[in-house]
Amino acid sequence: PILRLLNKDLIVDRWAGVCDTHRMVALADKEPALLQSVGPTLLCSTIALKGCAPATNFLLQRGVPLSVEETAYNCLHKAGWAGCTDNLRHVFEAGFDATIVGLIKPHGGWPDNYSLMYWAAWGGYVDMAKLLIKHGARVNHELPLKGNGSRGTTSLHEAVANGPWSG
């Protein structure tokens with residue numbers, strides 16, 4: 001019922017990138033157990049959506065834990081792909097260890113070393129790249145991208161090109 005409520009009442013509208021933070025606060029104040037039950041899932045959703053930085057900050061400030069699989073494509077990578085710099089800023093300023101997000105990450109359908117730093121560089125998100133570096137994320141931009149059409153390019157090549165599909 002809680003997840004249905006979240007979807008029905010559009011606390012998080014994925015397509016518009018709108019988070020109703022005021023409603024989220026009101027619901028959390030009325031039913032504190034919501035943050036314990038759906039808080040971690042909601043936090044991962046807000047991190048990966050543009051326009052949801054205030055909601056991400058609210059959830060982190062309320063102590064909702066962030067748990068991500070370090071060896072898998074996760075909400076932090078989705079945020080990197082979408083350019084959600086402010087969301088990631090809240091995550092790292094709340095104390096999440098950024099050093100793990102620069103590691104090689106597999107993702108079904110993508111080359112296996114598209115890291116969060118790669119997405120920041122590829123998307124032209126200079127502020128995100130600076131944020132990641134400030135908080136310790138590192139990646140070897142000279143490592144050839146595996147499964148990238150055997151073009152032999154690196155994330156550095158892709159970052160300075162017009163995107164990875166520019167031939």
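Within the 4.5 Å cutoff, the side chain of His135 has no heavy atoms near those of the Leu88 side chain. The side-chain heavy atoms of Val68 and Phe96, taken from C-beta on, include a pair separated by under 4.5 Å. Contact check for Leu66 versus Ile47: side-chain heavy atoms found under the 4.5 Å cut-off. Using a 4.5 Å cut-off on side-chain heavy atoms (C-beta onward), Glu93 and Asn57 make no contact.
Residues Tyr125 and Trp81 approach most closely at OH-O, 3.4 Å, considering heavy atoms. The shortest heavy-atom contact between His90 and Ala53 is CD2-O, 3.4 Å. Minimum heavy-atom separation, Cys52 to Asn87: C-OD1, 3.9 Å. Nearest approach of Ala48 to Lys78, heavy atoms of both residues: CB-CB, 3.6 Å. The two residues Thr85 and Leu131 come nearest to each other via the heavy atoms O-CD2, 3.7 Å. For the residue pair Val64 and Pro40, the shortest heavy atom distance occurs at CG1-N, 3.5 Å.
Val126 is not connected to Met128 by any chain of hydrophobic side-chain contacts under 4.5 Å among Ile, Leu, Val, Met, Phe, Trp and Tyr, and they are in different clusters.
Residues passing the side-chain contact (heavy atoms from CB on, under 4.5 Å) test with Gln36, sequence neighbours excluded: none. The side-chain contact (heavy atoms from CB on, under 4.5 Å) test applied to Pro32 returns no partner, not counting sequence neighbours. Here Ala82 pairs with Cys84 under the side-chain contact (heavy atoms from CB on, under 4.5 Å) rule; sequence neighbours left out.
Distance check: Phe92 CZ to Leu76 CG gives 6.0 Å after rounding to the nearest 0.5 Å. The OG1 atom of Thr56 sits 8.0 Å away from the CG atom of Leu49 when rounded to the nearest 0.5 Å. Of the inter-residue distances, the one linking Thr46 atom OG1 with Met24 atom CE reads 6.5 Å to the nearest 0.5 angstrom.
For the salt bridge (charged side-chain N to carboxylate O under 4.0 Å, His left out) condition, the pairs that include at least one residue of residues 53-63, sequence neighbours left out, are Asp29-Arg62.
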